[in-house]
Structure formats: C-alpha cells, structure tokens
There are 2 protein chains.
Amino acid sequence: MLFMARTTGSHAGITGPRVRQAALRLFAQKGYAAVSMRAIAAEVGVQAGALYNYTPDKESLLFDLMRVHLEELLAQADFGAEADPLTRLRQFVEFHIRFHADRPDEVFIAYMELRNLSPENFAQIEALRRRYEDRLETILRDGAKQGVFAIEDTKIMTLAIIAMLTGVNTWFRSGGRLSLDQVVAQYWDMVRRAVGAE
Amino acid sequence: MLFMARTTGSHAGITGPRVRQAALRLFAQKGYAAVSMRAIAAEVGVQAGALYNYTPDKESLLFDLMRVHLEELLAQADFGAEADPLTRLRQFVEFHIRFHADRPDEVFIAYMELRNLSPENFAQIEALRRRYEDRLETILRDGAKQGVFAIEDTKIMTLAIIAMLTGVNTWFRSGGRLSLDQVVAQYWDMVRRAVGAE
DNA sequence: GTCTATAGGCAGATAGAC
DNA sequence: GTCTATCTGCCTATAGAC
C-alpha cells in the first residue's frame with residue numbers, strides 16, 4: 001500500500017510535540033508548580049490522562065525542556081579555536097544574545113525552575129550549563145594568556161559577562177526602541193571594555 | 001501598673017515576625033507555589049489556622065516580603081548628589097553587592113516570584129524596583145553629561161550593570177575562594193571600564 | 001491513543017470552642 | 001491567639017473501556 005490508512009484521530013506523532021510546547025508556554029507564564037497536568041491537557045485539547053502516553057510524569061516534562069534547550073545551546077555554541085580571542089569573544093556575545101532572545105520561554109524556565117528537579121536531574125542540567133560557561137572561560141583565558149585581555153579572575157569575568165548578557169531577556173522586546181543589532185553592538189562595546197581589550 | 005500582666009502564651013507580638021521569616025525561608029527554598037500554609041505553620045510551630053491572625057492570605061505574605069525588602073533597599077541606597085559621578089558609581093557598586101549578598105533569600109524571592117502577585121501588587125513592586133534603577137541611571141547620566149563616562153545608552157548601561165552585579169548572588173558564598181572585599185574590587189574594575197571611565 | 005472514572009491526598013480558607 | 005474540625009475544590013497518577 002502506498003497510502004497508509006490513517007489511524008483514528010490521525011494525530012499520531014504530533015501530540016507529543018504539542019504537549020511539550022504547551023508545557024513550555026504554561027511553565028514560563030505561570031511557573032511549574034502553578035501549572036496542573038489538566039491545564040496542559042486543556043491547552044493541547046486532550047484529557048489529562050492522555051498526557052501520560054508522552055511523559056512518565058510532570059517533572060520529566062520539565063527536565064526534557066531544559067535538557068533539550070541546553071543541548072541545542074551547546075550544539076550551536078561553536079567558536080572556532082583558530083581565530084583570535086577578540087574575534088571569538090565577539091562571536092560569543094553576539095551568539096549568546098541572539099540565541100537567548102529567540103527562546104525567552106526556554107531561558108526563563110531553565111533559570112527559574114531548577115528547584116523543581118530531582119537531585120539527579122538537577123546535576124545533569126547544571127553540568128550542561130557548566131560546559132557552556134567553560135566555552136566562554138576558555139576564550140577569556142586564551143586572550144589573557146596572549147595579553148589581548150587584562151583580566152584579574154577569568155571565572156568571575158565569565159559569570160559577570162553571562163549574567164550581563166542574559167539580563168537582556170528581562171527587558172528586550174522585538175519591535176521596541178532598539179533593534180537586536182543595536183543591542184548586540186552596545187553589549188559588545190561594554191564587554192570589550194570590561195575585559196580591557198584595545 | 002508599671003508591670004503589665006503577661007497574656008497567656010506570652011508570645012504576643014513575636015509570632016508575626018516568625019511567620020514572615022518562615023515564609024521567607026520556605027518561599028526561597030521551594031518556591032511560593034510549592035509551599036503550603038500548613039508548611040509555614042509547621043515551621044513556626046502553630047496550626048495553619050493561626051497564620052490568618054497575621055496575614056489575610058498567602059499572597060499578602062509574599063507581597064509584604066517583597067515590599068519591605070525593596071523599601072529597605074531604597075532607604076539605604078543614598079549616594080550623595082554632591083560627590084563626583086565616579087565616586088557615586090563606586091558607592092553604588094559596593095552598596096549593591098553588599099546589600100544583596102546580605103539578603104540572598106529576599107533577593108531571590110523578589111526576582112523569581114513576581115508572577116504570583118496580583119496585577120496591582122505586581123505594579124507596586126515594579127515601581128519600587130524602577131525607582132532603584134533610576135538612582136543608578138541618574139549617576140550614569142550625570143557622568144555622561146560631565147564627560148567622565150562614555151556611555152551610548154544610559155538605560156541599557158543601567159540594566160546591564162544591575163544584572164551583572166545581582167548575578168553575584170548566584171555564586172557567591174561567604175567563606176569561599178574570594179572575600180566580599182575582593183568581589184567588590186573586581187566588579188568595580190569591570191564596571192569602571194564598562195562605562196569608559198579613566 | 002484517548003476516553004471516563006476514580007483513588008488517595010493536599011490545597012486555601014473559615015467557624016467556633018477555649 | 002491558638003486550637004480542632006471542616007468545607008470545597010484541585011492535585012498527580014492509574015485502571016480499564018473502547
């Protein structure tokens with residue numbers, strides 16, 4: 001048969017993604033603990049029991065959203081080690097701002113709902129985040145070693161830069177006073193000065 | 001009578017503060033939505049019904065914690081307008097780091113639990129926070145006007161500095177690798193460079 | 001794969017005794 | 001001011017029909 005008979009309901013294979021998307025939106029809007037499985041089911045258009053075909057429990061839903069988000073972050077955060085540190089730092093700043101501005105809900109959840117993970121899942125998420133921080137710290141250390149940057153403590157500088165850049169998400173709105181290009185340019189100025197380049 | 005008879009139980013006047021302290025600790029640790037009135041009561045050592053002698057409802061407990069925190073912040077954030085902008089900026093950086101490091105639970109709640117406020121209460125809290133941001137923005141604008149700072153957009157610089165400084169709370173632990181004095185010194189270096197001073 | 005029904009438990013808030 | 005008892009309702013997760 002070239003054309004397979006549709007199963008009843010014909011939504012096989014798409015409900016799963018819709019469940020994750022509904023959970024993402026609601027968790028970001030109201031907070032994990034304040035969102036019931038019934039609310040997620042209602043957003044998808046099914047009954048609560050049906051959700052358990054796609055997740056073993058509510059926490060796994062949260063964990064998977066965080067894990068996938070951070071794995072995508074790591075997959076895309078590639079700053080060629082052959083380039084000079086100043087170029088790599090500029091690439092990092094631009095990448096971080098754009099990636100996070102594109103995913104406000106994921107970013108919000110990944111920072112705000114860590115308390116709702118089991119210790120094992122928490123450790124996994126923290127390990128992924130740590131790997132991302134290490135990408136920036138490597139750039140800073142390379143630059144400091146070559147004398148391009150003047151940095152007293154690369155660990156603090158790493159955390160300070162990430163906090164500053166991630167803060168963009170709390171106020172940036174597409175279509176507002178500033179374009180994302182302008183935001184990137186201004187934060188790049190601040191970061192370049194902060195590391196003592198040029 | 002110079003000496004008043006004690007009322008039965010003799011705790012009149014101290015249960016209220018203990019309720020707020022228990023709520024603060026539990027909200028910060030587990031999140032507002034995940035903490036029940038029964039859990040707060042257990043921490044204080046009373047039954048759940050007794051809490052309603054001290055708060056009309058659960059949300060008021062949260063709101064009052066945030067409001068008092070931000071009012072204390074504003075009351076202490078006084079940077080003499082007569083001094084030069086660079087000195088006032090240094091005072092701001094030191095004050096912000098120390099004040100926030102002293103109150104990790106209050107800071108956490110005031111940033112993470114905004115979603116659980118009614119629209120009216122949310123607006124009040126945001127107004128207080130905005131007043132605090134304005135104190136920094138005024139310093140930056142004065143410095144820019146006098147040519148002491150080189151700042152393209154004072155609003156962005158304000159938010160970037162506050163995000164960077166508040167980020168200290170996510171990793172700083174008293175007794176760790178760095179003293180708070182060292183942290184203050186390093187962040188002051190970064191901020192001074194970021195605004196283009198000297 | 002989705003439904004209905006339900007088990008078993010906890011939630012916020014209130015009433016009335018002491 | 002605190003207690004016990006309770007109202008009313010929602011919670012996560014599972015069982016079994018279709």
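Residue numbers start from 1 in every chain, and the chains themselves are labelled A, B, ... in the order their sequence lines are given, proteins ahead of strands.
Distance, B:Leu51 CG to D:dG1 P: 14 Å, rounded to whole Å. At whole-Å resolution of the value, NZ in A:Lys30 and P in D:dC11 are 12 Å apart. Remark: P of C:dA11 and CD1 of B:Ile40 are 11 Å apart, rounded to the nearest angstrom. At whole-Å resolution of the value, CD1 in B:Ile14 and P in D:dT2 are 9 Å apart. Atom CE in B:Met37 sits roughly 7 Å away from atom P in C:dG12 (whole-Å rounding). The interatomic distance linking A:Leu61 (CG) with D:dA13 (C1') rounds to 14 Å, in whole Å. Distance B:Tyr32 OH to C:dA11 P: 13 Å, rounded to the nearest Å. A straight line from CZ of B:Arg38 to C1' of D:dT2 spans 15 Å, rounded to a whole angstrom.
For A:Asn53, counting side-chain heavy atoms from C-beta on, the closest listed nucleotide (D:dA13, C:dG12, C:dT2) is C:dT2. Taking the side chain of A:Tyr52 as heavy atoms from C-beta on, and the options C:dA11, C:dT2, D:dA13, the nearest nucleotide is D:dA13. Nearest nucleotide to the A:Asp57 side chain, out of D:dA13, D:dC3, D:dT6: D:dA13. Of the candidate nucleotides C:dG12, C:dG1, C:dC3, C:dG12 has the atom nearest to the side chain of B:Lys58.
For the pair A:Arg129 and A:Tyr111, the cation sits on the ring face: its NZ or CZ lies under 6.0 Å from the ring centre, inside 45° of the axis. Figure legend: B:Arg103 and B:Phe99 shown as a cation-pi pair, the cationic atom lying under 6.0 angstrom from the six-membered ring centre and within 45 degrees of its axis.
Nucleic acid contact for B:Val44: none, since no nucleic acid atom lies under 4.0 Å from a heavy atom of the residue.
Aromatic ring pairs are classed by plane angle as parallel below 30°, tilted from 30° to 60° and perpendicular above 60°; the pair A:His96 and A:His100 is parallel.
Between B:Ser36 and C:dC10, a side-chain N or O to OP1/OP2 separation shorter than 4.0 Å is absent. For the pair A:Tyr54 and C:dT2, the criterion of a side-chain N or O lying under 4.0 Å from OP1 or OP2 is met. Proximity of B:Gln47 to the phosphate of D:dT4: a side-chain N or O atom is located under 4.0 Å from OP1 or OP2. Side-chain N/O atoms of B:Thr15 include none lying less than 4.0 angstrom from OP1 or OP2 on D:dG1.
Residues A:Arg192 and A:Leu89 form no side-chain contact, since every pair of their non-hydrogen atoms from C-beta on lies 4.5 Å or further apart.
In this structure, A:Ala34 and B:Gly45 both approach DNA chain D, and ranking their closest nucleotides by distance from the 5' end singles out B:Gly45.
There is a side-chain donor-acceptor pair under 3.5 Å between B:Asn116 and B:Glu113.
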